[in-house]
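Remember, predicted model here, so these are calculated numbers, not experimental data. All heavy atoms count here, side chains included; hydrogens, waters and symmetry mates do not.
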Amino acid sequence: MTIEKLIHLPDLSFIRVCNEDYGINRGLYNTIDKFFYERGFERIIDRRKNILYFLDYVQKDADLNNKRPKFGSGGLKIKIEEYLLEIEKNNNHKMWQLAK
């Protein structure tokens, strides 16, 4: 399924995709969603796109044998800040402009 179709799924279906594809439970999803909202991603479509891009970003550094990312205390905030800096540094309009 394309990202354009994924972001329009009902909430429960979208969260299931995050769980099945990235090992993110609902509580962690809600925290990630809140972080993006607080950083200016007010539209749900923009947040969902960035959540999926962020989870892909996290998976690139993940252990191939362990699908579930582990952030540790304060690690999620650090990883989201790294992600936002990375897309800003690379001038990646695909993701960054969504927040504006």
Side-chain angles (χ1 to χ4, degrees):
M1 188 178 296
T2 67
I3 194 165
E4 293 302 321
K5 288 190 177 192
L6 286 173
I7 60 173
H8 293 290
L9 288 172
D11 288 343
L12 184 58
S13 298
F14 185 77
I15 291 168
R16 282 187 181 145
V17 168
C18 290
N19 183 289
E20 292 168 6
D21 292 354
Y22 300 100
I24 301 296
N25 66 30
R26 187 177 187 103
L28 186 54
Y29 168 80
N30 288 340
T31 302
I32 294 169
D33 189 40
K34 183 180 173 196
F35 268 113
F36 278 106
Y37 180 81
E38 291 174 347
R39 279 151 184 83
F41 295 82
E42 293 180 358
R43 293 181 29 187
I44 185 68
I45 299 300
D46 297 340
R47 282 200 313 278
R48 284 185 169 190
K49 280 183 181 178
N50 276 281
I51 287 170
L52 292 174
Y53 291 136
F54 170 71
L55 293 174
D56 279 342
Y57 173 78
V58 169
Q59 270 196 341
K60 77 177 185 178
D61 296 332
D63 178 3
L64 294 177
N65 297 324
N66 188 1
K67 195 174 184 180
R68 294 186 178 274
K70 296 187 183 201
F71 297 104
S73 180
L76 177 61
K77 180 181 177 185
I78 292 168
K79 206 64 173 173
I80 289 175
E81 296 297 338
E82 285 177 10
Y83 164 78
L84 292 173
L85 286 173
E86 183 77 22
I87 60 173
E88 185 179 357
K89 183 177 79 179
N90 292 330
N91 201 19
N92 192 335
H93 296 287
K94 181 172 76 175
M95 293 177 275
W96 189 246
Q97 285 186 343
L98 296 174
K100 299 183 180 190

What are the two closest heavy atoms between [X] and [Y], and how far apart are they?
{"X": "I7", "Y": "K49", "answer": "CD1-CE, 3.4 Å"}
{"X": "Q59", "Y": "D21", "answer": "NE2-O, 3.1 Å"}
{"X": "K79", "Y": "Y57", "answer": "O-CE2, 4.1 Å"}
{"X": "Y29", "Y": "I24", "answer": "N-CG2, 3.5 Å"}

For a side-chain contact (heavy atoms from CB on, under 4.5 Å) check, start with the C-alpha distance between I78 and E82, then their side-chain angles and the critical distance, and finish with the verdict. CA-CA 6 Å; I78 292 168; E82 285 177 10; 3.6 Å; yes
To the nearest 0.5 angstrom, please state how far the [atom1] atom of [X] sits from the [atom2] atom of [Y].
{"X": "D46", "Y": "I51", "atom1": "CG", "atom2": "CD1", "result": "11.0 Å"}
{"X": "L12", "Y": "R26", "atom1": "CG", "atom2": "CZ", "result": "6.5 Å"}
{"X": "E81", "Y": "L76", "atom1": "CD", "atom2": "CG", "result": "10.0 Å"}

Set of residues satisfying side chain to side chain contact (heavy atoms under 4.5 Å, CB included) with respect to L9, sequence neighbours excluded: M1, L6, S13, F14, V17
Under a 4.5 Å cut-off applied to non-hydrogen side-chain atoms, are I32 and L55 in contact? yes
Close side-chain approach of I44 to Y37, heavy-atom, < 4.5 Å: no
Those residues that, when tested against K77, pass salt bridge (Lys or Arg N to Asp or Glu O under 4.0 Å) (two or more places apart): none
Partners of D11 by salt bridge (Lys or Arg N to Asp or Glu O under 4.0 Å), sequence neighbours excluded? R48
State, without any angle test, whether Y83 and N50 hold a side-chain donor-acceptor pair at a distance under 3.5 Å. yes
Angle class for the F71/F54 ring planes (parallel below 30°, perpendicular above 60°, tilted otherwise)? parallel
